[in-house]
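Written out below as structure tokens is the structure these notes cover.
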Amino acid sequence: MLTVHHLENSRSQRVLWLLEELGAPYEVRRYERDKKTSLAPAALTAVHPLGKSPVIEHDGFTIAETGAIVEYIIDVFDGDGRFRPEPRTPEMLTYRFWLHYAEGSAFPPLLLKLITTRMATAPMPFFIKPIAKQLAKGVDDAFVDRQLELHGGFIEDALSKDEWFAGDDISGADIMMSFPIEAFMARARGGRSGAFPSMAAYLDRIHERPAYQAALDKGGPYALLGAKK
């Protein structure tokens with residue numbers, strides 16, 4: 001039996017979704033974030049030295065990193081080849097790009113934005129707060145916001161041309177891209193949601209899938225997208 005070490009409101013929701021799409025047998029071990037820091041609990045270090053989620057255990061292997069997990073699950077459970085294009089095809093090249101782009105390029109500026117936001121809003125002595133806000137704004141203005149505009153526009157343009165990222169149907173690339181798009185749209189709901197109509201329509205498509213709903217039932221409420229169990 002495959003075991004998913006699942007942290008609430010995290011990238012590991014994608015792993016549950018993929019397993020549900022493939023109809024693969026699995027069990028979930030759930031972990032809650034620290035109430036003060038929102039970080040993963042120390043208990044996860046007993047599973048993997050990095051102490052992060054997702055991590056899966058299967059057939060004696062312990063596998064971390066979402067991209068590696070997605071590739072492993074598709075290798076083992078996708079007997080029909082539905083979630084990966086044929087080798088040495090243009091679709092496969094596109095698939096590989098989006099599979100790695102999700103964590104390698106799309107998500108880092110979103111993470112930096114989270115850090116600068118927390119820097120500007122964290123409790124601190126009143127005489128330090130203006131300095132922290134100015135530093136956070138400087139980083140946002142010089143780099144973070146420009147990168148978010150660049151990547152948001154890039155993803156929006158791709159989805160304005162095709163419903164899915166690598167072919168005529170959903171694939172592992174869509175599993176991977178769902179999380180950064182959720183994060184982009186969660187940020188956009190603060191006032192720029194109309195800027196990404198293709199991303200919004202894409203999320204509607206994946207949220208309506210029965211496997212996606214089943215993954216929410218298994219993983220619990222997903223605060224990043226505002227869904228409820």
Side-chain angles (χ1 to χ4, degrees), residues 1-33 40-41 43-44 46-48 50-87 91-92 95-96 98-104 106-107 163-183 202-229:
M1 176 70 74
L2 186 148
T3 299
V4 181
H5 295 273
H6 171 64
L7 178 65
E8 63 176 342
N9 300 327
S10 76
R11 294 166 170 86
S12 62
Q13 189 66 38
R14 290 179 290 188
V15 176
L16 305 185
W17 176 29
L18 176 60
L19 289 164
E20 289 291 336
E21 290 281 359
L22 295 173
Y26 70 99
E27 63 178 3
V28 179
R29 294 186 186 173
R30 295 190 61 201
Y31 300 80
E32 294 185 358
R33 293 179 180 275
L44 272 168
V47 184
H48 189 276
L50 293 178
K52 295 183 178 181
S53 176
V55 176
I56 66 169
E57 293 180 297
H58 184 246
D59 283 354
F61 296 108
T62 299
I63 305 169
E65 290 296 334
T66 313
I69 291 169
V70 166
E71 291 197 273
Y72 177 84
I73 290 172
I74 290 173
D75 283 344
V76 174
F77 296 104
D78 187 16
D80 297 331
R82 294 187 298 120
F83 273 74
R84 181 168 53 197
E86 290 293 320
E91 290 78 14
M92 175 55 85
Y95 168 86
R96 281 184 173 150
W98 291 110
L99 191 79
H100 295 282
Y101 168 86
E103 293 289 326
F107 197 72
E163 288 193 352
W164 305 104
F165 279 104
D168 296 331
D169 207 345
I170 192 171
S171 72
D174 295 285
I175 301 295
M176 287 299 296
M177 283 299 299
S178 64
F179 188 79
I181 292 176
E182 299 278 16
Y202 177 84
L203 288 188
D204 287 342
R205 285 195 294 278
I206 65 175
H207 291 172
E208 290 169 359
R209 295 180 71 86
Y212 195 96
Q213 293 298 321
L216 286 179
D217 289 339
K218 294 282 184 68
Y222 193 23
L224 184 63
L225 58 103
K228 296 182 179 180
K229 188 175 178 181

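Note that these values count all heavy atoms, side chains included, but never hydrogens, waters or copies made by symmetry.
Exactly one of Y202, Y95, W164, W17 qualifies for a side chain to side chain donor-acceptor pair (under 3.5 Å) with D174. That residue is Y202. Screening V15, T3, L19 for a side chain to side chain contact (heavy atoms under 4.5 Å, CB included) with I56, the sole residue that qualifies is V15. When the options E182, E103, E21 are evaluated for a salt bridge (Lys or Arg N to Asp or Glu O under 4.0 Å) with R14, the one that passes is E103.
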**Request:** For side-chain contact (heavy atoms from CB on, under 4.5 Å), just list the numbers for R84 and D75, CA-CA rounded to whole Å, side-chain angles, deciding distance to a tenth of an Å, and then say yes or no.
**Result:** CA-CA 9 Å; R84 181 168 53 197; D75 283 344; 2.7 Å; yes
**Item:** Working for side-chain contact (heavy atoms from CB on, under 4.5 Å), residues V4 and K218
**Value:** CA-CA 11 Å; V4 181; K218 294 282 184 68; over 6 Å; no
**Message:** Before you tell me yes or no, could you show the steps for Y26 and H6 under ring-ring contact (aromatic ring centres under 6.0 Å, His included), namely the whole-Å CA-CA distance, both residues' side-chain angles and the distance that decides it to 0.1 Å?
**Reply:** CA-CA 12 Å; Y26 70 99; H6 171 64; 9.7 Å; no
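Other residues, nucleotides and ligands contribute at most 12 non-hydrogen atoms within 6.0 Å of the CG atom of D168. Heavy-atom contacts from other residues, nucleotides or ligands closer than 6.0 Å to CZ of R33 number more than 12.
Q13 approaches G220 most closely through the heavy-atom pair OE1-O, 4.4 Å. Of all heavy-atom pairs spanning L99 and G172, the tightest one is CD1-O, 3.7 Å. Here the closest non-hydrogen pair linking M176 and V70 is SD-CG2, 3.8 Å. The two residues I206 and S178 make their nearest non-hydrogen contact at CD1-CB, 3.8 Å. Closest non-hydrogen pair, H100 versus E71, comes out as CE1-OE1, 4.3 Å. Of all heavy-atom pairs spanning P180 and A106, the tightest one is CB-CB, 4.0 Å.
A heavy-atom distance below 4.5 Å is found between the side chains of M177 and Y101. Residues V47 and Y31 are in side-chain contact: their nearest non-hydrogen atoms beyond the backbone lie under 4.5 Å apart. By the 4.5 Å heavy-atom criterion applied to side chains, L18 and I74 are counted as neighbours. Inter-residue side-chain proximity for R82 and I170 is flagged as unmet; no heavy-atom pair is nearer than 4.5 Å. Taking 4.5 Å as the limit, some side-chain heavy atom of P54 sits within range of a side-chain heavy atom of R11. Contact annotation: the side chain of E208 never approaches that of Q213 to less than 4.5 Å [non-hydrogen atoms, C-beta and beyond].
Note on R209 versus E20: no salt bridge recorded, every NZ/NE/NH1/NH2 to OD/OE distance being 4.0 Å or above. A salt bridge links E27 with R29: the distance from a Lys NZ or Arg NE/NH1/NH2 to an Asp or Glu carboxylate oxygen falls below 4.0 Å.
Looking at E65 and H48, their side chains never bring a donor and an acceptor atom within 3.5 Å of each other. For S53 and H5, the side-chain atoms include no donor-acceptor pair closer than 3.5 Å.
Between W98 and F165, the ring planes are tilted. Angles from 30° to 60° get that label.
Atom CZ in F179 sits 8.5 Å away from atom OG1 in T66 (nearest 0.5 Å).
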